[in-house]
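All remarks here apply to the structure that follows.
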Amino acid sequence: MTKIKMSPFARKVIAYVKRIPRGQVATYGQIARLAGKPHASRAVGWVLHACAKSHQLPWQRVINSKGTISFHPLTAEYSAQKRLLQKEGVEFQSLHGLNLNYYQWKKS
DNA sequence: GTTTTGACAGTAT
DNA sequence: AATACTGCCAAAA
């Protein structure tokens, strides 16, 4: 199996995203903090965009701190993410938002 | 090597 | 409460 060169940060991001249980979500900031860079939330999005497919990550479980999907609502990515989450049992309270207090993953 | 961009978050106004 | 501004980090150009 070929090892792909990747920053330690990206590896941690991937590792933690894979840990998010089905039916729960995490925020970009949360993942960034777990990866050791509390202010790298934007970079988290970058890593996911670059590695989500190749690493088969549950990228849909990562949302922003407001509890909403970070894509523009009219994009295909937005609807795809929302659909995947709903398929996992995540229910949206408002049109675009869910209850972070209830669905956010608490790392063990 | 420097500049620009991006699936964000926190603070200030 | 809602919007604007700033900070931060990693890829791509």
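Being a predicted model, the structure only gives us computed values, none of them experimental. Just so it is clear: chains get the letters A, B, ... in the order the sequence lines come, proteins before strands, and each one is counted from 1. Just the heavy atoms: all of them, side chains too, but no hydrogens, waters or symmetry mates, feed the values below.
The nearest whole Å value for the distance from the CD atom in A:E77 to the C1' atom in B:dA7 is 9 Å. If you measure from atom CZ of A:F9 to atom P of C:dA11, you get 8 Å, rounded to the nearest angstrom. We find that CZ of A:F71 is positioned 8 Å from P of B:dC8, with the value rounded to whole Å. Rounding to whole angstrom units, CG of residue A:L57 and C1' of B:dA7 are separated by 13 Å. Atom CG of A:L100 is separated from atom P of B:dC8 by 15 Å (rounded to the nearest Å).
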Please write out each protein N/O paired with an N/O of nucleotides 4-6 of chain B under 3.5 Å, distance rounded to 0.1 Å.
{"residue": "B:dG6", "atom": "N7", "partner": "A:R42", "partner atom": "NH2", "Å": "2.8"}
{"residue": "B:dG6", "atom": "O6", "partner": "A:R42", "partner atom": "NH1", "Å": "3.4"}
{"residue": "B:dG6", "atom": "N3", "partner": "A:W46", "partner atom": "NE1", "Å": "3.0"}

Nucleotide N/O of nucleotides 2-4 of chain C paired with protein N/O under 3.5 Å:
none

With the criterion being N/O to N/O and under 3.5 Å, what pairs connect the protein with nucleotides 9-11 of chain B, and how long is each?
{"residue": "B:dA9", "atom": "OP1", "partner": "A:Y28", "partner atom": "N", "Å": "3.4"}
{"residue": "B:dA9", "atom": "OP1", "partner": "A:G29", "partner atom": "N", "Å": "3.3"}
{"residue": "B:dA9", "atom": "OP1", "partner": "A:S65", "partner atom": "N", "Å": "3.1"}
{"residue": "B:dA9", "atom": "OP2", "partner": "A:S65", "partner atom": "N", "Å": "2.6"}
{"residue": "B:dA9", "atom": "OP2", "partner": "A:S65", "partner atom": "OG", "Å": "3.3"}
{"residue": "B:dA9", "atom": "O4'", "partner": "A:S41", "partner atom": "OG", "Å": "3.4"}

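With sequence neighbours excluded, no residue satisfies ring pair (Phe, Tyr, Trp, His ring centres under 6.0 Å) with A:H49. Checked against side-chain hydrogen bond (donor to acceptor under 3.5 Å, both in side chains), A:H39 has no partners two or more places apart in sequence or in another chain. For A:E77, there are no salt bridge (Lys or Arg N to Asp or Glu O under 4.0 Å) partners two or more places apart in sequence or in a different chain. Every residue was checked against the side-chain hydrogen bond (donor to acceptor under 3.5 Å, both in side chains) condition with A:Q81, not counting sequence neighbours, and none meets it. Residues satisfying the side-chain hydrogen bond (donor to acceptor under 3.5 Å, both in side chains) criterion with A:Y102, sequence neighbours excluded, are absent altogether. Partners of A:T68 according to the side-chain hydrogen bond (donor to acceptor under 3.5 Å, both in side chains) rule, which considers only residues two or more places apart in sequence or in another chain, are A:N64.
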Validation: residues 86-95 of chain A side-chain donor-acceptor distances under 3.5 Å, sequence neighbours left out:
{"residue": "A:E88", "atom": "OE1", "partner": "A:G23", "partner atom": "N", "Å": "3.3"}
{"residue": "A:E88", "atom": "OE1", "partner": "A:R61", "partner atom": "NE", "Å": "3.1"}
{"residue": "A:E88", "atom": "OE2", "partner": "A:Q60", "partner atom": "NE2", "Å": "3.0"}
{"residue": "A:E88", "atom": "OE2", "partner": "A:R61", "partner atom": "NE", "Å": "3.1"}
{"residue": "A:E88", "atom": "OE2", "partner": "A:R61", "partner atom": "NH2", "Å": "2.8"}
{"residue": "A:S94", "atom": "OG", "partner": "A:G97", "partner atom": "N", "Å": "3.0"}

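Checking each of A:L84, A:I20, A:V47 against A:W59 for a side chain to side chain contact (heavy atoms under 4.5 Å, CB included) leaves exactly one that passes, namely A:L84. Of the options A:V62, A:I14, A:I31, a side chain to side chain contact (heavy atoms under 4.5 Å, CB included) to A:L48 is made by A:V62 and by none of the others.
Taking CD of A:Q30 as the reference point, atom CD1 of A:I63 lies at 9.5 Å (rounded to 0.5 Å).
Taking the six-membered ring where the residue is Trp, A:W105 and A:Y16 present tilted rings, their angle falling between 30° and 60°.
Of the residues in residues 79-90 of chain A, not one places a heavy atom less than 4.0 Å from an atom of DNA chain B.
Through direct or relayed side-chain contacts under 4.5 Å between Ile, Leu, Val, Met, Phe, Trp and Tyr, A:W46 connects to no other residue.
Not a single donor-acceptor pair under 3.5 Å links the side chain of A:H55 to the backbone N or O of A:L57.
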